[in-house]
There are 2 protein chains.
Amino acid sequence: MESLERELRRGTLELLLLRILADEPTYGYELLSRLGKRSSGRFHIKEGTLYPVLYRLEDAGLVVPEWNQPARGAARKVYRLTAAGEERLVELTTEWRGFSAAIDTILSGQEPEEEER
Amino acid sequence: MESLERELRRGTLELLLLRILADEPTYGYELLSRLGKRSSGRFHIKEGTLYPVLYRLEDAGLVVPEWNQPARGAARKVYRLTAAGEERLVELTTEWRGFSAAIDTILSGQEPEEEER
DNA sequence: ACTATATACTTTGTTTCACTAGGTATCAAG
DNA sequence: CTTGATACCTAGTGAAACAAAGTATATAGT
């Protein structure tokens, strides 16, 4: 019985990263702080969590990386959303809304009106 | 990259089962159909998923089982929420609300006001 | 009597994902 | 020249949901 947060985060990371990348192409390290900021400090993931997700997104063709050498500092791998990535973002957002609505319905103790016959 | 639903369900099962059991002590097999009904058919978990969760809840002292022999048919293991289970339900509900609110904020593209300094 | 179906609980093994805990490399500041 | 911040990468671990079995009882059909 682990922390709920850890388990809840499962699957949502992909959605959240796509959402942030939709605003603006961003590199990995920066994604960490943006995610932290936008969630009011709730989602503090580590690099060892982040990069594997980015590779999955890349393998799935949802994002494309481009190496970027800033004037000073280490090189950055900037990820940009592809068309497929935008589609996926819409898909996942819809799925999330349906899912969380279903949970909320159960938590509120309401029986949904007659379905599933 | 599996289905989002599968991953999202992670961690929420415990919460949902506790919620259903809070209404009324229920046995495993019945929980399956109640969960399906209350989620409008969205959450169709299998027995191989359900029972291990119930055992975790039992080990954690959140529910207690009682064998019940109905007039006809196979014996039923009816689970009842403990006081600890009720507390945990409140805890998890709060955590869920905070979590889903955080996701919604990020999805809506709003920056939360200055926090996390 | 035999078979199938529905009910009801159990167990084993697999997969996926987030995490821990390291590692490499570059650059600025002291 | 060492420390710390930035930035990326990887191997190994663990927990949860799942698939796919199995056991047992009772009812219905032939």
Side-chain angles (χ1 to χ4, degrees), chain A residues 1-18 25-36 39 42-60 62-63 65-79 92 99 103, chain B residues 1-18 25-36 39 42-60 62-63 65-79 92 99 103:
Chain A
M1 211 86 74
E2 268 308 295
S3 106
L4 179 60
E5 284 273 338
R6 174 173 176 167
E7 296 305 324
L8 282 181
R9 252 194 303 271
R10 276 220 163 207
T12 59
L13 257 182
E14 182 188 338
L15 168 58
L16 295 178
L17 293 182
L18 289 178
T26 313
Y27 57 98
Y29 207 77
E30 172 76 7
L31 278 169
L32 294 176
S33 56
R34 291 209 182 173
L35 188 56
S39 65
R42 196 171 187 106
F43 303 145
H44 274 306
I45 63 170
K46 297 287 173 55
E47 298 154 270
T49 300
L50 174 72
Y51 289 105
V53 180
L54 287 175
Y55 303 146
R56 288 205 306 274
L57 295 177
E58 189 183 338
D59 288 345
L62 305 178
V63 299
E66 188 189 338
W67 280 101
N68 195 308
Q69 183 59 58
R72 57 198 63 188
R76 296 165 174 177
K77 208 169 170 184
V78 175
Y79 288 91
L92 290 182
F99 174 81
I103 300 278
Chain B
M1 211 87 76
E2 270 307 298
S3 104
L4 179 62
E5 284 273 339
R6 172 172 177 167
E7 296 305 325
L8 282 181
R9 251 194 305 271
R10 278 219 163 209
T12 58
L13 257 183
E14 181 187 339
L15 169 59
L16 295 178
L17 294 182
L18 289 177
T26 313
Y27 58 98
Y29 207 78
E30 171 76 5
L31 277 170
L32 293 177
S33 57
R34 292 208 182 175
L35 189 55
S39 64
R42 196 169 188 107
F43 303 144
H44 275 307
I45 64 170
K46 299 287 172 54
E47 296 153 272
T49 299
L50 174 72
Y51 288 105
V53 180
L54 287 175
Y55 302 147
R56 288 205 306 273
L57 294 177
E58 188 183 340
D59 288 344
L62 305 178
V63 300
E66 187 189 340
W67 280 101
N68 195 308
Q69 182 60 59
R72 57 198 62 186
R76 296 165 174 177
K77 207 170 171 183
V78 175
Y79 288 92
L92 290 182
F99 174 81
I103 300 278

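So that the names make sense, note that chain A is the first sequence line, chain B the second, and so on, each numbered from 1.
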Between [atom2] of [N] and [atom1] of [X], the distance in whole Å:
{"X": "Glu5(B)", "N": "dC18(D)", "atom1": "CD", "atom2": "P", "value": "10 Å"}
{"X": "Arg10(B)", "N": "dC18(D)", "atom1": "CZ", "atom2": "P", "value": "9 Å"}
{"X": "Leu4(A)", "N": "dA17(D)", "atom1": "CG", "atom2": "P", "value": "10 Å"}
{"X": "Leu31(B)", "N": "dA17(D)", "atom1": "CG", "atom2": "P", "value": "14 Å"}
{"X": "Arg56(B)", "N": "dT11(C)", "atom1": "CZ", "atom2": "P", "value": "15 Å"}
{"X": "Gln69(B)", "N": "dA26(D)", "atom1": "CD", "atom2": "P", "value": "7 Å"}
{"X": "Leu13(B)", "N": "dC18(D)", "atom1": "CG", "atom2": "P", "value": "7 Å"}
{"X": "Leu50(A)", "N": "dT6(D)", "atom1": "CG", "atom2": "P", "value": "15 Å"}

Taking 4.0 Å as the cut-off, does a side-chain nitrogen or oxygen of Arg9(B) come that near to OP1 or OP2 on dC17(C)?
no

For Lys46(B) and dA19(D), is the shortest distance between a side-chain N/O and OP1 or OP2 below 4.0 Å?
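Result: yes.
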
Can you tell me how far apart [atom1] ([X]) and [atom2] ([Y]) are? Round to the nearest 0.5 Å.
{"X": "Ile45(B)", "Y": "Leu17(B)", "atom1": "CD1", "atom2": "CG", "answer": "6.0 Å"}
{"X": "Phe99(A)", "Y": "Leu4(B)", "atom1": "CZ", "atom2": "CG", "answer": "8.0 Å"}
{"X": "Leu16(A)", "Y": "Glu14(A)", "atom1": "CG", "atom2": "CD", "answer": "10.0 Å"}
{"X": "Leu54(A)", "Y": "Leu62(A)", "atom1": "CG", "atom2": "CG", "answer": "11.0 Å"}

In 5'-to-3' order, the base (B), backbone-only (S) or no-contact (-) status of each nucleotide in nucleotides 8-13 of chain D, using a 4.0 angstrom heavy-atom cut-off, is BBB---

Ring-ring centroid check Tyr29(B) Tyr51(B), cutoff 6.0 Å
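Ring-ring flag for Tyr29(B)/Tyr51(B): false, centres at least 6.0 Å apart.
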
Can you sort out the partners of Pro25(B) under side chain to side chain contact (heavy atoms under 4.5 Å, CB included), two or more places apart, ordered by chain and number?
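Partners of Pro25(B) by the side chain to side chain contact (heavy atoms under 4.5 Å, CB included) criterion, ordered by chain and then number, come out as Val78(B), Arg80(B).
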
